[in-house]
Protein chains: 2
Amino acid sequence: MENNLNDKQIQILEVAEKLFAEKGFDGTSIRDISKIANINVAMISYYFGSKDLLLESLIKHKTIGLKEQLLVLIAENLEPVAKINKLIELYINRINCNRGIYRIMHFELTSKKNESILKYFTELKKANLKSVELIIKEGQAKGIFRKDIIIPLITPTIIGTFFHFQMNKDFYEEILDLKTDTQYDNFIKTDLTKHIQQTIKALLVYEN
Amino acid sequence: MENNLNDKQIQILEVAEKLFAEKGFDGTSIRDISKIANINVAMISYYFGSKDLLLESLIKHKTIGLKEQLLVLIAENLEPVAKINKLIELYINRINCNRGIYRIMHFELTSKKNESILKYFTELKKANLKSVELIIKEGQAKGIFRKDIIIPLITPTIIGTFFHFQMNKDFYEEILDLKTDTQYDNFIKTDLTKHIQQTIKALLVYEN
DNA sequence: GTTTAAATTAAACAGTTGTTTAATTTTGTC
DNA sequence: GACAAAATTAAACAACTGTTTAATTTAAAC
């Protein structure tokens with residue numbers, strides 16, 4: 001919760017995020033980090049206490065603000081479908097801008113059983129789920145969305161689709177002929193986002 | 001491709017899969033493996049050459065047969081929707097039975113740039129995509145499926161949804177009140193599978 | 001300018017890592 | 001039972017791991 005991070009600490013976190021995302025938490029040594037960040041190894045222990053606590057700081061540093069973003073969205077006066085679409089955009093954009101950390105969150109946190117950070121995550125996920133629930137129930141009350149839906153399974157479809165795509169970046173770049181990073185980013189922002197929105201809409205509104 | 005693995009080698013792979021899935025590739029030492037598998041450390045190098053080659057053997061050992069399974073499915077005489085549903089079931093079942101290895105595939109293989117194994121995977125994915133393509137185009141030809149769909153994005157939705165769910169097992173167990181492993185497995189086999197099938201069907205058949 | 005705290009450093013620490021060695025045991029073949 | 005190949009072992013290897021130490025430099029406060 002504390003934000004007392006100086007520039008040097010943030011710089012270290014930046015490097016750590018990049019390396020953790022590239023090579024995994026265990027695959028990255030604090031000497032790797034210190035070398036690229038151009039600092040002494042001891043500085044990491046000095047600032048963060050340990051490698052584990054460094055990860056904890058990193059995650060907290062990168063996830064603050066998400067809850068607020070969701071609350072703003074919910075308060076907006078939008079049609080249910082438009083609201084869901086905006087939620088999807090928000091998720092994709094958020095994850096896309098913080099590729100590194102979200103990847104770490106998925107991969108490392110299932111094995112690492114750091115009690116403190118695990119609780120933090122559960123709370124984050126619960127808040128997310130509550131937001132999605134609110135939006136969908138609003139749509140259901142208005143008679144626009146189906147009612148035979150398991151709401152907690154909506155998020156896996158949104159985030160899971162995006163994640164699987166990101167996870168297989170090289171493959172989809174080849175298959176979809178996305179030659180540059182800009183093309184790839186564009187595809188995410190237009191086609192992939194639309195695909196997910198279309199999917200969720202079809203699922204929610206579909207009437208047989 | 002070679003199947004000349006004796007019982008002891010397979011036993012080692014079994015243990016390795018379990019540990020890699022639990023603690024990651026880098027998080028698992030060959031001593032961890034040898035201890036649990038009740039063998040000498042040197043046996044791993046003796047049988048597989050190195051830790052990297054052990055992973056390679058493991059992956060190849062666990063993915064043989066997938067391509068054939070898909071070909072059988074395609075040849076079946078089924079309605080397009082039924083075929084897609086069966087494809088989804090096949091994916092989920094396959095991944096569910098090999099949780100460990102699929103998790104490794106996603107997390108480790110993006111960082112490890114083992115040329116040989118990466119090529120193997122690309123080929124596997126291409127074969128998968130081709131199968132999906134065949135089924136969907138069949139449905140399109142019959143006028144049942146929409147034609148404005150980016151087919152390569154179907155797989156991410158199927159597998160991504162499932163994966164994200166698996167990745168957050170503890171969370172969903174709590175949220176959905178799944179108290180035992182049997183309940184959890186049951187939920188996957190019924191509700192989650194149905195959710196994904198419903199999602200894909202809505203996406204493919206939906207007419208606005 | 002002196003004093004005090006913070007920042008930074010190189011070196012050392014004790015474990016662990018993947019791998020190799022060389023010796024020994026087990027197994028199969030004749 | 002003798003021989004050769006395969007399997008198994010304990011020990012050693014050098015490199016790397018996260019962390020701590022104690023000394024030194026820098027910055028801030030007075």
Side-chain angles (χ1 to χ4, degrees), chain A residues 2-59 61 104 107-109 111-117, chain B residues 2-59 61 104 107-109 111-117:
Chain A
E2 303 119 41
N3 245 359
N4 40 357
L5 296 171
N6 61 41
D7 291 352
K8 197 140 250 175
Q9 282 173 295
I10 290 176
Q11 183 214 346
I12 294 172
L13 291 182
E14 223 81 58
V15 173
E17 180 181 13
K18 189 169 168 290
L19 292 183
F20 287 163
E22 263 174 34
K23 322 199 289 172
F25 181 76
D26 289 313
T28 305
S29 75
I30 58 169
R31 281 174 181 81
D32 290 339
I33 298 171
S34 70
K35 219 168 282 171
I36 294 184
N38 248 314
I39 50 140
N40 190 280
V41 234
M43 292 307 290
I44 288 172
S45 298
Y46 177 72
Y47 274 136
F48 300 99
S50 72
K51 196 189 175 187
D52 280 312
L53 289 171
L54 168 71
L55 177 61
E56 200 169 321
S57 286
L58 174 58
I59 287 171
H61 174 62
I104 297 162
F107 301 166
E108 308 295 347
L109 288 174
S111 47
K112 309 263 162 289
K113 54 185 181 313
N114 183 323
E115 202 56 50
S116 144
I117 214 159
Chain B
E2 304 118 40
N3 245 0
N4 40 358
L5 295 172
N6 61 42
D7 291 351
K8 197 138 250 175
Q9 283 174 295
I10 289 175
Q11 183 213 346
I12 294 172
L13 291 182
E14 224 79 58
V15 173
E17 179 181 13
K18 188 170 168 290
L19 292 183
F20 287 164
E22 264 174 33
K23 320 199 290 172
F25 181 76
D26 289 313
T28 305
S29 75
I30 58 169
R31 281 176 181 80
D32 291 338
I33 298 171
S34 69
K35 218 167 284 171
I36 293 184
N38 247 314
I39 51 140
N40 190 279
V41 234
M43 292 307 291
I44 289 171
S45 298
Y46 176 73
Y47 273 136
F48 301 99
S50 72
K51 194 188 176 190
D52 280 312
L53 288 171
L54 169 71
L55 177 61
E56 199 168 320
S57 286
L58 174 58
I59 287 171
H61 174 63
I104 297 161
F107 303 165
E108 308 296 347
L109 288 172
S111 46
K112 308 263 161 289
K113 52 188 184 312
N114 183 322
E115 202 57 48
S116 145
I117 215 159

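Here is the naming used below: chain letters follow the sequence lines, and residue numbers restart at 1 for every chain.
- Counting only heavy atoms from C-beta on, B:S29 has its side chain closest to C:dG18 among C:dT9, C:dG18, D:dT19.
- Taking only side-chain atoms of B:N40, from C-beta outward, the nucleotide of C:dA10, C:dT19, D:dA10 with the closest atom is D:dA10.
- The CG-C1' distance, from B:L53 to C:dT20, rounds to 15 Å in whole Å.
- We find that CG of B:D7 is positioned 11 Å from P of D:dT8, with the value rounded to whole Å.
- Among the atoms of the strands shown, only primed sugar atoms or phosphate atoms (P, OP1, OP2) are found under 4.0 Å from some heavy atom of B:T28.
- Annotation: of the two residues near DNA chain C, A:M43 and A:R31, the 5′-most nearest-nucleotide partner is A:M43.
- Between A:G27 and A:D32, the shortest heavy-atom distance links the atoms O-OD2, 4.1 Å.
- Under a 3.5 Å cut-off, the side chain of B:Q9 and the backbone N or O of B:N6 do form a donor-acceptor pair.
- Side-chain atoms of B:A42 lie closest to D:dT9 of the nucleotides D:dG18, C:dT19, D:dT9.
- Taking atom CG of residue A:D32 and atom C1' of nucleotide D:dC16, one finds them 10 Å apart after rounding to whole Å.
- B:D52 has its CG atom 10 Å from the C1' atom of C:dG18, to the nearest Å.
- Nearest approach of A:K51 to A:D26, heavy atoms of both residues: NZ-CA, 4.2 Å.
- Here C:dT17 presents its C1' atom at 16 Å from CG of B:L19, a figure rounded to the nearest Å.
- Rounding to whole angstrom units, CG of residue B:N6 and P of C:dT26 are separated by 18 Å.
- Residue A:K8 has its side chain nearest to C:dT8 when only C:dT8, D:dT20, D:dA10 are considered.
- Going from atom CG of A:L54 over to atom P of D:dG18 covers 11 Å, rounded to whole Å.
- Between A:I33 atom CD1 and D:dG18 atom C1' the separation is 11 Å, expressed in whole Å.
- Of the residues near DNA chain D, A:G49 and B:Y46, the one whose nearest nucleotide (by heavy atom distance) lies more toward the 5' end is B:Y46.
- Atom-to-atom distance recorded for B:L54:CG and B:L58:CG is 6.5 Å, nearest 0.5 angstrom.
- Shortest non-hydrogen contact noted between B:L53 and B:F48 is CB-O, 3.1 Å.
- Backbone-only engagement by A:Y47 is indicated by non-hydrogen atom pairs under 4.0 Å involving sugar-phosphate atoms exclusively.
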